[in-house]
Enquirer: 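Just passing along the structure, written as C-alpha cells.
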Amino acid sequence: MTIIWSYFGARLGSVRSKSRGSPQPGTIGYHRCRNRLAQMQEGDTRAGLRGNAPGLLQTSLMRLAPLKTEAARPMLTDRYYYLNNFRLVLSWLEDRYGDLLEEEQRRFIADFNALALPAQALLVRMATRKSDLFRASKLNYEEIGSSEAAAAPLIELGWIDDQSPITLDELFTLLRKDELLRLLDAPRAAATLHKPALLESLRPACRELPLLQTWYAQCGEKIYRLRAAALCERLRLMYFGNFHQTWSEFVLADLGVFRYERIDCSGNSRAFHSREQIDVFQQLYRCRERLHDDADPEQILREMPQAVQDSDWLEQRRAKLMFRIARRCEQRQKAGVAAGIYASCAHPGSALRAALIHERAQEPAKARAACIAGLQMPREAPDRDRFERVLSRLDRKTHGRPVARARNPIPDFAIIAPRPVPAASVEQAALEFLSASAADSSRLYYVENTLIVSLFGLLCWEAIFAPIPGAFFHPYQHGPADLHSLGFVERRGAQFASALDSLSSERYKEIILHNHLEKAGIQSPFVAWRALDQELLNTALECFPASHLRHWCEWILLDAHGNRAGFPDLVQFWPGERRYRLIEVKGPGDRLQENQRRLLEYCTSREMPVSVCHVRWKDQVTPARADP
DNA sequence: ACATTATTCG
DNA sequence: TTCACACTATCCT
DNA sequence: GATAGTGTGTCTCGAATAATGTGA
Ligand SMILES: [Mn+2]
Ligand SMILES: [Mn+2]
C-alpha cells in the first residue's frame, strides 16, 4: 500500500504539480464542482424585484449606504432565497429551452413544482453542496425543519437514494477521521496517519461491504445520495452555458460582490441550440478531464465528438481540445498522430506545430507546405515570423545560403540595477531604478497588459456590450458570448467605428472617463478595474496622443483575443511634456517573446515610443553566462 | 490544546 | 475548480 | 531558436464553522 501511495504521490507531484491541493487521492468527482446554491435572478428585472443591476449610479449609491451601516447583514429578506432563484432558473429554462428539454427534465420540473416547500428547499440545498453524498444528521436547516421528513418525497421520486451502496473512498469523505478509527477499531499507530494514507492502508485488505454494514448497524444513520445531481448539473449548464459558474452566482450578484453589465436579453437567445450541442459540451468536458488525468491521448481522441457544424463557439472549443491532445501526443513521441490532428485542426497554432513536426522528421516538402498554408491563413497570422524562420532553415539546408531578414529594429537600452532585496520582480526593480534615476518629473507604472487594454475596453464599452442577437442570454455574462468567435468585430462594425471615431476629437476622453465612473466594477473582458485609478487614467489620457490610442485599438481589433497580450511591462509618463514611453523589461537571460516583438514592431513602425530595457544586476557575483 | 485548511452560506 | 501568460533553464545548431 | 518546466494571477467575497493536522 505504501507502494500505491508513493506512486500516487509521485504521479500527482511530478505530472500535475499544480492540481495538488484539490483532490485527496481517493476522492472522485473533485472536478465536478457540485457545489453552490440554486438561484437565479434573470427574471428579476421583469418582475421588478429589485433595481440592482440597472442604473448603476443612483441605485448602487443608494444600496451602498445601508450596506455599509448594516455591515455584513445585507438585505436578503426571504430565507428561501436559494429556492426562489432555483425556481426562476426552472421557469427560464421552460421558457427558453422548451423545445430542447428532454422528457426526464420536463418531468423533473413538473414534479419539483408539485413538491411541498421543505422538499423543494432540501433538494436545492443538497444540489448546492459540494458532495452528492450526505449523512442525514448533517443536513440541518432551520427553515426546512426535519430533513428526514423533507427527504421522504424526494426518495419517493428517486431523486434521493437512501439505500445506495457506497465505496470505501466515499465512506472516507462521509466520516470524520476519529469516527473511522473508532469504526475500524484501529491500532493506536493508525491515528497518526493522514487520512489519505489511512485510506490506502485499508484499501487492499478491506472488503467494502462488510465495513459499511458494520457501520450502518452501529450508528443507524441514514445516508442520502442525490441521484438528481447530474440532472441539476445539466440544467445549470443549459442556463449558464458553462460549468464554471455555479449556483452561488445569484446570491453574489444580489449582494453586489459580482457585478455585470445589464443588457436586455429578453430575446430568445441561449447558449445551446440543440440537445446534441449540450451533449457535445459535456463530452468535451469529460475528455478534458481525461486529458488532465493523463489518460492515453489516442484513447481520448477516439472519445472526442465529431466536428460541430452548427455552433462556432462549440467547434472552437473542440478544436482547442484537439490541439491540446495533439500536444500531448507530441510529448509522448507520437508525432505522427499529432501531425494528423494538426492537419485538420482549426485551432490557431496547429499549422506551425505541423510544420515543426515535419521539419524535425526530415520531411522538408511537407514542412514547406505546412508553412505556406499557414502563412495564408488569417488565424495563423501571429505565427508568421516563425513560419518564415522554418522556411529559411529549410532553404539553408537545400541551398546552403542563409537568408537574412530585414527587421524594424526596436530601440533598446541597458541598466545595471541593484538586485532587489527580497526577490522582487525584475519589472519592479527596473521601475524603482528608473524612477530613482530619472531627474525629471516622470512617473512610472507597472501595467503590463492592463492599462491600454482597459482604455480600449472603456472606450469601446458600448460596442462590446452591444445587444447583438445571441450575444447575451443571461445577466451574469462577463462579456458577449461570441467574443472569441470569428467576426466578433465585424458584427459590431458600426459601433466600433463610432468608438474609434471619437478619437478624432476630444470626445474619447469624455467617453473613457464617463465609463470609468459609470461602469466602475462591472465585469468586462477588457477592463482591469483593480489596475486603474483616477490618477493613472488622467495621466494616461494626458500623455497618450489620440492617434496612438487609435493605433492600439486597431491593433486589438485585429485579433480581439490574441492581441490583448504582449503589451510592455512599464509605462513612463512625463505629464508636463505630455509625453510617454512604453518599456518592456527583460532580465538577464530573458528575450522578447513572439507576441511582444510583434506589438513592439507595430509600434515602432508607427513611430510610437517603445523600448526594451535590459536589466543586469549590480552585485552579480558570478555571471552565469558571458555578457554579449 | 492549538494552528491550518476546507466547507458552507448569504 | 481553470487556463493563459510570462519567465527560466537547458539543449541544439 | 526550440522546448520543457515553473510560477502566477484569476473566473475578484468574507465571516463563521467544521475538519484535519500537529504538538505537547
Ligand atoms: Mn511582463
Ligand atoms: Mn518583461
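Sequence lines set the chain letters: A, B, ... in the order given, protein chains first and strands last, and positions in each chain run from 1.
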Enquirer: Could you give the CG-to-P distance, from Leu198(A) to dG21(D), as a whole number of Å?
Expert: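 In whole Å, dG21(D) P and Leu198(A) CG are 10 Å from each other.
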Enquirer: Taking any heavy-atom pair under 4.0 Å as a contact, classify Asp569(A): base, sugar-phosphate, or nothing.
Expert: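 Since only primed, P, OP1 and OP2 atoms lie under 4.0 Å of Asp569(A), the category is sugar-phosphate.
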Enquirer: Let me know the distance between CG of Asn449(A) and C1' of dT8(D), rounded to the nearest Å.
Expert: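 So the CG-C1' distance, Asn449(A) to dT8(D), works out to 14 Å.
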Enquirer: Using purine N1 to pyrimidine N3 plus N6-O4 or O6-N4 for Watson-Crick, or N1-O2 and O6-N3 for G-U wobble, both under 3.5 Å, which nucleotide pairs with dA15(D)?
Expert: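 Across all strands, the one nucleotide that pairs with dA15(D) is dT8(B).
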Enquirer: Before giving the answer on side-chain contact (heavy atoms from CB on, under 4.5 Å), spell out for Tyr445(A) and Leu451(A) the whole-Å C-alpha distance, their side-chain angles and the decisive distance to 0.1 Å.
Expert: CA-CA 9 Å; Tyr445(A) 296 87; Leu451(A) 175 60; over 6 Å; no
Enquirer: Think Arg324(A) has a side-chain N or O under 4.0 angstrom from the OP1 or OP2 of dC3(C)?
Expert: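 Arg324(A) to dC3(C) OP1/OP2: side-chain N or O found under 4.0 Å.
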Enquirer: Can you tell me how far C1' of dT8(C) sits from NZ of Lys586(A), to the nearest Å?
Expert: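 Distance, rounded to whole Å: 11 Å.
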Enquirer: Between Glu380(A) and His347(A), what is the shortest heavy-atom contact and its length?
Expert: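 Heavy atoms of Glu380(A) and His347(A) come nearest at OE2-O, 3.9 Å.
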Enquirer: Starting at CG of Leu592(A) and ending at C1' of dA2(D), how long is that distance when rounded to a whole Å?
Expert: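 My rounded result for the distance is 16 Å.
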Enquirer: Scan every strand shown for a Watson-Crick or G-U wobble partner of dA24(D), both distances under 3.5 Å, and answer none if you come up empty.
Expert: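 Result: none.
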Enquirer: For Leu321(A), is there any backbone N or O sitting under 3.5 Å from a side-chain donor or acceptor partner on Arg288(A)?
Expert: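 It does not hold such a pair.
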Enquirer: Are any of Arg530(A)'s side-chain N or O atoms less than 4.0 Å away from OP1 or OP2 of dT10(D)?
Expert: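 No.
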Enquirer: Asp590(A) has a side chain; which of dC7(C), dC11(D), dA19(D) sits nearest to it?
Expert: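 Shortest atom-to-atom distance from the side chain points to dC7(C).
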Enquirer: Quick one: sort the Tyr239(A) and Tyr476(A) rings into parallel, tilted or perpendicular, breaks at 30° and 60°.
Expert: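 If you compare the ring of Tyr239(A) with that of Tyr476(A), the planes turn out tilted.
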Enquirer: Which of these nucleotides, dT8(B), dG10(B), dA4(D), is closest to any side-chain atom of Leu255(A)?
Expert: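 Selected nucleotide: dG10(B).
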Enquirer: If you check every side-chain atom of Arg288(A), which of dG1(D), dT12(D), dT2(C) has the closest atom?
Expert: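 Out of dG1(D), dT12(D), dT2(C), the nucleotide with an atom closest to Arg288(A)'s side chain is dT2(C).
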Enquirer: Give Gln596(A) one of three labels, base, sugar-phosphate or nothing, depending on what nucleic acid heavy atoms sit under 4.0 Å from its own.
Expert: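 Sugar-phosphate only.
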Enquirer: dT20(D), dT2(C), dT8(B): which one has an atom nearest the side-chain heavy atoms of Arg129(A)?
Expert: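 That would be dT8(B).
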Enquirer: In whole angstrom, what separates His478(A)'s NE2 from dT2(C)'s P?
Expert: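 Going from His478(A) (NE2) to dT2(C) (P), I get 16 Å.
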Enquirer: Of the candidate nucleotides dT12(D), dC7(C), dA19(D), which contains the atom at the shortest distance from the side chain of Trp529(A)?
Expert: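 So the nucleotide nearest the side chain must be dT12(D).
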Enquirer: Is there a donor-acceptor contact under 3.5 Å from the side chain of Glu179(A) to the main chain of Arg176(A)?
Expert: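 Side chain of Glu179(A) to backbone of Arg176(A), a donor-acceptor pair under 3.5 Å: yes, one is there.
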Enquirer: What nucleic acid atoms does Tyr141(A) come within less than 4.0 Å of, heavy atoms only: base, sugar-phosphate, or nothing?
Expert: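 Here Tyr141(A) touches the backbone only, sparing every base.
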Enquirer: I want to know whether Phe250(A) and Tyr260(A) have ring centres closer than 6.0 Å.
Expert: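 No, too far apart.
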Enquirer: Report which part of the nucleic acid Gly566(A) touches: base, sugar-phosphate, or nothing (heavy-atom distance under 4.0 Å, all strands).
Expert: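 The residue Gly566(A) makes sugar-phosphate contact but no base contact.
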Enquirer: Using only side-chain N and O atoms of Asn595(A), determine if any of them is under 4.0 Å from OP1 or OP2 of dA6(C).
Expert: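 Checking Asn595(A) against dA6(C): at least one side-chain N or O falls below 4.0 Å of OP1 or OP2.
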Enquirer: Is any side-chain nitrogen or oxygen of Arg79(A) closer than 4.0 Å to OP1 or OP2 of dG10(B)?
Expert: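 Result: no.
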Enquirer: Would you tell me if any nitrogen or oxygen in the side chain of Arg353(A) comes within less than 4.0 Å of OP1 or OP2 on dT3(D)?
Expert: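 True: Arg353(A) side-chain N/O within range (under 4.0 Å) of dT3(D) OP1/OP2.
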Enquirer: Looking only at the side chain of Arg125(A) (C-beta and beyond, no hydrogens), which of the listed nucleotides dA4(D), dC9(B), dG21(D) gets closest?
Expert: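 Of dA4(D), dC9(B), dG21(D), dC9(B) is nearest to the side chain of Arg125(A).
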Enquirer: Would you check if Phe172(A) and Leu198(A) make a side-chain contact, meaning some heavy-atom pair closer than 4.5 Å?
Expert: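 Contact flag for Phe172(A)/Leu198(A) side chains = yes.
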Enquirer: Decide side-chain contact (heavy atoms from CB on, under 4.5 Å) for Phe456(A) and Ile452(A); before the verdict, give the C-alpha distance in whole Å, the side-chain angles of both, and the deciding distance to 0.1 Å.
Expert: CA-CA 6 Å; Phe456(A) 167 83; Ile452(A) 291 168; 5.8 Å; no
Enquirer: Gln316(A) CD to dA4(C) P: how many Å, rounded?
Expert: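 Between P of dA4(C) and CD of Gln316(A): 12 Å.
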Enquirer: Please determine if Arg564(A) forms a cation-pi arrangement with Phe526(A), meaning its NZ or CZ atom is less than 6.0 Å from the six-membered ring centre and no more than 45° off the ring axis.
Expert: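 The answer is yes, since Arg564(A) meets both limits relative to Phe526(A).
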Enquirer: Assign Asn242(A) to base, sugar-phosphate, or nothing according to its heavy-atom contacts below 4.0 angstrom with the strands shown.
Expert: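 Touches nothing.
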Enquirer: Would you confirm whether Glu221(A), through its side chain, and Ser137(A), through its main-chain N or O, come within 3.5 Å as a donor-acceptor pair?
Expert: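 Yes: the side chain of Glu221(A) pairs with the backbone of Ser137(A).
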Enquirer: Tell me which nucleotide, if any, is Watson-Crick or G-U wobble paired with dA4(C) when both distances must be under 3.5 Å.
Expert: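 dT8(D) - that is the nucleotide pairing with dA4(C), both distances being under 3.5 Å.
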Enquirer: Roughly how far apart, to the nearest Å, are dA15(D) and dT2(C) at atom P?
Expert: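 The same atom, P, in both gives a distance of 27 Å.
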Enquirer: Less than 4.0 angstrom between a side-chain N/O of Tyr81(A) and OP1 or OP2 of dC9(B), yes or no?
Expert: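 Result: no.
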Enquirer: Look at the side chain of Arg386(A) and the base of dG1(D), then say whether one donor and one acceptor between them are separated by less than 3.5 Å.
Expert: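 For Arg386(A), whose side chain was compared with the base of dG1(D), there is no donor-acceptor pair (under 3.5 Å).
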Enquirer: For dA2(D), which nucleotide in any strand shown is its Watson-Crick or wobble partner with both distances under 3.5 Å?
Expert: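 Matched dA2(D) with dT10(C) under the 3.5 Å cut-off.
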Enquirer: Quantified in whole Å, what is the P atom distance between nucleotide dC12(C) and nucleotide dG5(D)?
Expert: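 It works out to 15 Å between them.
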Enquirer: Under a 4.5 Å cut-off applied to non-hydrogen side-chain atoms, are Pro568(A) and Ile583(A) in contact?
Expert: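 No; the side chains remain at least 4.5 Å from each other.
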Enquirer: Are OP1 or OP2 of dC7(C) and a side-chain N or O of Gln593(A) less than 4.0 angstrom apart?
Expert: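 Checking dC7(C) against Gln593(A), a side-chain N or O does come within under 4.0 Å of OP1 or OP2.
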Enquirer: Describe the nucleic acid contact of Glu359(A) in one word from base, sugar-phosphate, nothing, applying a heavy-atom distance below 4.0 Å.
Expert: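 No contact.
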Enquirer: If you assign each of Leu356(A) and Val257(A) to its closest nucleotide in DNA chain D, which residue comes earlier from the 5' end?
Expert: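 Comparing both residues, the 5'-ward one is Leu356(A).
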Enquirer: Polar pairs (N or O, both sides) under 3.5 Å between protein and nucleotides 22-24 of chain D?
Expert:
residue: dT22(D); atom: OP2; partner: His194(A); partner atom: NE2; Å: 3.1

Enquirer: Identify which nucleotide among dA6(C), dT10(C), dT12(D) has an atom closest to any side-chain atom of Arg591(A), counting heavy atoms from C-beta outward.
Expert: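 It is dT10(C).
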Enquirer: So if I take every side-chain heavy atom of Gln523(A) and compare against dT8(B), dC11(D), dG1(D), which nucleotide ends up nearest?
Expert: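 Closest nucleotide among those given: dC11(D).
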Enquirer: Could you pick out which residue, Ala528(A) or Arg360(A), lies toward the 5' side of DNA chain D when each is mapped onto its nearest nucleotide?
Expert: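 The 5'-side residue here is Arg360(A).
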Enquirer: Can you tell me if Arg393(A) touches the phosphate of dA2(D), counting only side-chain N or O atoms and a distance under 4.0 Å to OP1 or OP2?
Expert: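 Yes, within the criterion.
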Enquirer: By nearest atom, which of the nucleotides dG10(B), dT12(D), dT10(C) is closest to the Leu252(A) side chain?
Expert: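 Nearest to the side chain of Leu252(A) among the choices is dG10(B).
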Enquirer: Please confirm whether the shortest side-chain N or O distance from Arg564(A) to OP1 or OP2 of dC5(C) is below 4.0 Å.
Expert: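 Answer no for this pair, as no side-chain N or O of Arg564(A) is under 4.0 Å from OP1 or OP2.
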Enquirer: How is Arg327(A) classified with respect to the nucleic acid when contacts are heavy atoms under 4.0 Å: base, sugar-phosphate, or nothing?
Expert: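 The residue Arg327(A) makes sugar-phosphate contact but no base contact.
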Enquirer: Please pick, from dT7(B), dA2(D), dA19(D), the nucleotide with the shortest atom-to-atom distance to any side-chain atom of Arg389(A).
Expert: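 Closest nucleotide to the Arg389(A) side chain: dA2(D).
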Enquirer: Starting at atom NE2 of His244(A), determine the distance to atom P of dA4(C), rounded to an integer number of angstrom.
Expert: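 For the pair His244(A) NE2 and dA4(C) P, the rounded distance is 13 Å.
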Enquirer: As a quick check of understanding, evaluate salt bridge (charged side-chain N to carboxylate O under 4.0 Å, His left out) for Arg598(A) and Glu601(A), giving each step before the final call.
Expert: CA-CA 5 Å; Arg598(A) 286 197 308 120; Glu601(A) 281 179 1; over 6 Å; no
Enquirer: Expressed as a whole number of angstroms, how long is the span from Tyr80(A):OH to dC9(B):P?
Expert: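 Rounding to the nearest Å, OH of Tyr80(A) and P of dC9(B) are 15 Å apart.
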Enquirer: Using a cut-off of less than 4.0 Å, is there contact between a side-chain N or O of Lys320(A) and OP1 or OP2 of dC3(C)?
Expert: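 Lys320(A) to dC3(C) OP1/OP2: no side-chain N or O under 4.0 Å.
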